[in-house]
Amino acid sequence: MIRFLTAGESHGKALTTIVDGFPSNINIDSDYINYQLKRRQSGYGRGLRMKIENDKVEILSGVRFGKTLGTPISLLINNKDWENWQTKMSVTEVDEQTDKITIPRPGHADLVGVSKYNFDDIRNSIERSSARETAARVAACSVARKFLEEFGIHIGSYVESIGGIFSKDDFTQKLFNNDLSSSFSGKKLNLLSDKSQVRVLDSEQEKKIINKIKSAKKKGDTLGGTFVVVATGVPVGLGSFVHYDRRMDAEIAHAIMSINAVKGVEIGAGFYSAENFGSQSHDEIIISKNKLTRKTNRAGGIEGGITTGLPVIVRAAMKPIATLMSPIESVDLSKMKKVLSRRERSDFVAVPACAVIAESMLAWSIAKFFLEKFGGDSLEETKQNYHKYISELHNRIKNNFKGK
């Protein structure tokens, strides 16, 4: 059972996370985690905060000589902007009076936060509900990502649309059709998408999106979009149909939906399937290279809550960021009067970053079920369990039904 817990406020001293449950002898270092943290901060349309922060992780425990010990791994990411917030975010009481925020932003956790936790200052809601927390998630999930790479499982993503602008070349449909080269992998997908300022796979689409982001900036507005995350190399048999909380698709949906501003999640063809006949929705079972597989991958690599051995495909929708430079209507809670919403330093678009965060969360979900099935106390023991299962899988099915 793996788990992680993050702590820290957006403008606090630091973000921290503790990662627990991974076997010993996984190769991991700060450079690997920092690479993923840098990818999270990239993308055209990010705000001023990304110019201040240059996220770097410090591994405090659980790793020795570049390998996990099988003990809890603690990670620290300092907030550089803390220097400017020490009084406003002081842990102890301060003599200096600080202004209280009383105007909630529509679409953010401002109002529901003060309602739930009985605050008289919206700042208390803002700090922890901020997407800044996802930096700690990416750090934690990088351990899961590195672990999965030991088994040839790679996770990548691309932005499908921003502001309703899609590519004429529908790569998502190619995924559903299983129309991929034998060398396709999540790692190679990222090498392509990371070349783009907005992480799309089409240069013409990129130009149109950047122009729309520029237009949104001028208007003081924000944009959302859709992205696709793909995990390749995932074996058959992760997850279960036995209980609701053991289904791989349910686990993934929960993990992706937990990301700030994500409002919709699909596995495979998802809502497209609702518009078609069953004959156009399900993946025909075939034998290829002496192995059972599927012609297409509209199910997104999961059937009955269990992985099929094809790439796991997750599509998600991110709403426009709630903080607007041209604010919309709200209420000043101190006066209970109609006002325009307040501004808080923010991005104009964060869909490319959200896709990277979703990669991390997908890595965690897959690692969780992978260790449940193959886990050992060391990486070597886990590999032994995994390779035994893979080598016997096809013959076991064949022998079970022989002569029936």
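Only this structure's heavy atoms are used, side chains among them; waters, hydrogens and symmetry mates stay out.
A donor-acceptor pair under 3.5 Å is absent between the side-chain atoms of Ser130 and the main chain of Glu127, judged by distance alone. For the pair Thr68 (side chain) and Ile26 (backbone), a donor-acceptor distance under 3.5 Å is present. Between the side chain of Ser330 and the backbone N or O of Val339, no donor-acceptor pair lies under 3.5 Å. Side chain of Ser125 to backbone of Val114: a donor-acceptor contact under 3.5 angstrom is found. Formation of a donor-acceptor pair under 3.5 Å by the Ser193 side chain with backbone atoms of Val200 is not found in this model. At distances below 3.5 Å, not a single donor-acceptor pair connects side-chain atoms of Ser196 with backbone N or O atoms of Leu192. The main-chain N or O of Ala135 is never found under 3.5 Å from a side-chain atom of Asp55 such that the two would form a donor-acceptor pair. Under the 3.5 Å distance criterion, the side-chain polar atoms of Glu266 are matched with a main-chain donor or acceptor of Phe271. Remark: the backbone N or O of Ser24 is not paired with any side-chain donor or acceptor of Asp377 at under 3.5 angstrom. Judged purely by atom type and a 3.5 angstrom limit, Arg247 has no side-chain atom pairing as donor or acceptor with the backbone of Gly239.
Under the 3.5 Å distance criterion, with hydrogens and angles disregarded, no donor-acceptor pair is assigned to the side chains of Ser273 and Arg298. Between the side chains of Thr226 and Ser161, a donor-acceptor pair is found at a separation under 3.5 Å. Remark: the Asn178 side chain and the Thr296 side chain contain no N/O donor-acceptor pair separated by less than 3.5 Å. A donor-acceptor contact under 3.5 angstrom links the side chains of Thr172 and Glu160, judged on distance only. Looking only at atom types and distance, the side chain of Ser365 has a donor-acceptor partner in the side chain of Glu251 under 3.5 Å away. Between the side chains of Asp332 and Ser334, at least one donor-acceptor pair of N or O atoms lies under 3.5 Å. Looking only at atom types and distance, the side chain of Ser360 has no donor-acceptor partner in the side chain of Arg40 under 3.5 Å away. Side-chain contact, Ser74 with Ser61: a donor N or O sits under 3.5 Å from an acceptor N or O. No side-chain donor-acceptor contact under 3.5 Å links Asp31 and Asn34.
Summarising the geometry of Pro23 relative to Gly376, their closest heavy-atom pair is CB-O, 3.4 Å, with the distance given to 0.1 Å. The two residues Glu380 and Asn25 have their closest heavy-atom pair at OE1-ND2, 3.0 Å. The two atoms that bring Thr307 and Met248 nearest to each other are CG2-CG, 4.1 Å, heavy atoms only. Of all heavy-atom pairs between Val331 and Pro104, the closest is O-CD, 3.1 Å. Listed here is the closest heavy atom pair of Gly304 and Phe241: O-CB, 3.2 Å. Between Ser157 and Asn190, the closest heavy-atom pair is N-OD1, 3.0 Å.
Within a 6.0 Å radius of CD in Glu392, other residues, nucleotides and ligands contribute more than 12 heavy atoms. Other residues, nucleotides and ligands contribute over 12 non-hydrogen atoms within 6.0 Å of the CG atom of Asp245. Counted within 6.0 Å of CZ on Arg64, heavy atoms from surrounding residues, nucleotides or ligands total 12 or fewer; the atom is thus considered open. Surrounding NE2 of His387 are more than 12 heavy atoms belonging to other residues, nucleotides or ligands, all under 6.0 Å away. Counting heavy-atom neighbours within 6.0 Å of Leu340 CG, excluding the residue itself, gives a total above 12. Counting heavy-atom neighbours within 6.0 Å of Asp170 CG, excluding the residue itself, gives a total above 12. Surrounding CD1 of Ile18 are at most 12 heavy atoms belonging to other residues, nucleotides or ligands under 6.0 Å away. A 6.0 Å sphere centred on CG of Asp99 holds no more than 12 heavy atoms belonging to other residues, nucleotides or ligands.
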Problem set entry | Audit row: Ile213, Leu223, side chain to side chain contact (heavy atoms under 4.5 Å, CB included) steps and yes/no | CA-CA 7 Å; Ile213 294 171; Leu223 294 168; 4.0 Å; yes
For this session: Would you sort out whether Glu58 and Leu75 count as a side chain to side chain contact (heavy atoms under 4.5 Å, CB included), showing the intermediate values?
Result: CA-CA 6 Å; Glu58 183 180 355; Leu75 307 171; over 6 Å; no
Problem set entry | Pair Ile2-Phe147, side chain to side chain contact (heavy atoms under 4.5 Å, CB included): steps then yes or no | CA-CA 12 Å; Ile2 57 172; Phe147 166 74; over 6 Å; no
Exercise. Between Asp179 and Lys174, does a salt bridge (charged side-chain N to carboxylate O under 4.0 Å, His left out) hold up when you go through it step by step?
Worked result: CA-CA 5 Å; Asp179 184 18; Lys174 288 182 181 179; 5.9 Å; no
Problem set entry | side chain to side chain contact (heavy atoms under 4.5 Å, CB included) evaluation trace for Leu111 with Leu333 | CA-CA 9 Å; Leu111 181 56; Leu333 302 180; 4.1 Å; yes
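Between Asp20 and Arg3 a salt bridge is recorded (basic side-chain N to carboxylate O distance below 4.0 Å). At a threshold of 4.0 Å, the pair Arg123-Asp121 does not count as salt-bridged, since none of the basic side-chain nitrogens sits closer than that to a carboxylate oxygen. In this structure, Glu372 does not pair ionically with Lys368, as no charged nitrogen and carboxylate oxygen lie closer than 4.0 Å. The residues Glu150 and Lys383 are annotated as salt-bridged, a charged nitrogen and a carboxylate oxygen being separated by less than 4.0 angstrom. Using a cut-off of 4.0 Å between Lys/Arg side-chain N and Asp/Glu carboxylate O, Lys168 and Asp202 are scored as not salt-bridged. The pair Asp194-Arg199 meets the salt-bridge criterion, since a charged nitrogen lies less than 4.0 angstrom from a carboxylate oxygen. Between Arg132 and Glu9 there is no salt bridge, since none of the side-chain N atoms of the basic residue sits less than 4.0 Å from a carboxylate O of the acidic one.
Between the CG atom in Asp283 and the OG1 atom in Thr308 there is a gap of 7.5 Å [rounded to 0.5 Å].
Inter-residue side-chain proximity for Lys263 and Met318 is flagged as unmet; no heavy-atom pair is nearer than 4.5 Å. Here the side chains of Leu379 and Phe151 are in contact, with some heavy-atom distance below 4.5 Å. The closest side-chain heavy-atom distance from Glu133 to Ser10 is not below 4.5 Å. Within the 4.5 Å cutoff, the side chain of Tyr44 has no heavy atoms near those of the Glu206 side chain. By the 4.5 Å heavy-atom criterion applied to side chains, Gln197 and Ser42 are not counted as neighbours. A 4.5 Å side-chain heavy-atom check between Glu149 and Ile153 finds every atom pair outside the cut-off. Looking only at side-chain heavy atoms (C-beta outward), Val159 and Val198 stay at 4.5 Å or farther from each other. Proximity of Ile33 to Ile28: side-chain heavy atoms (C-beta onward) are separated by under 4.5 Å at one or more points.
Aromatic ring pairs are classed by plane angle as parallel below 30°, tilted from 30° to 60° and perpendicular above 60°; the pair Tyr158 and Phe171 is perpendicular. Note: Phe370 and Tyr386 have tilted aromatic rings, judged against thresholds of 30 and 60 degrees for the angle between ring planes. Using cut-offs of 30° and 60° for the angle between ring planes, the Tyr272 and Phe176 rings count as perpendicular.
A side-chain contact (heavy atoms from CB on, under 4.5 Å) with Ile313 is found for exactly one of Ile267, Ile302, Val228, namely Val228. Looking at Arg39, Lys187, Arg137 one by one, the single match for salt bridge (Lys or Arg N to Asp or Glu O under 4.0 Å) with Glu359 turns out to be Arg39.
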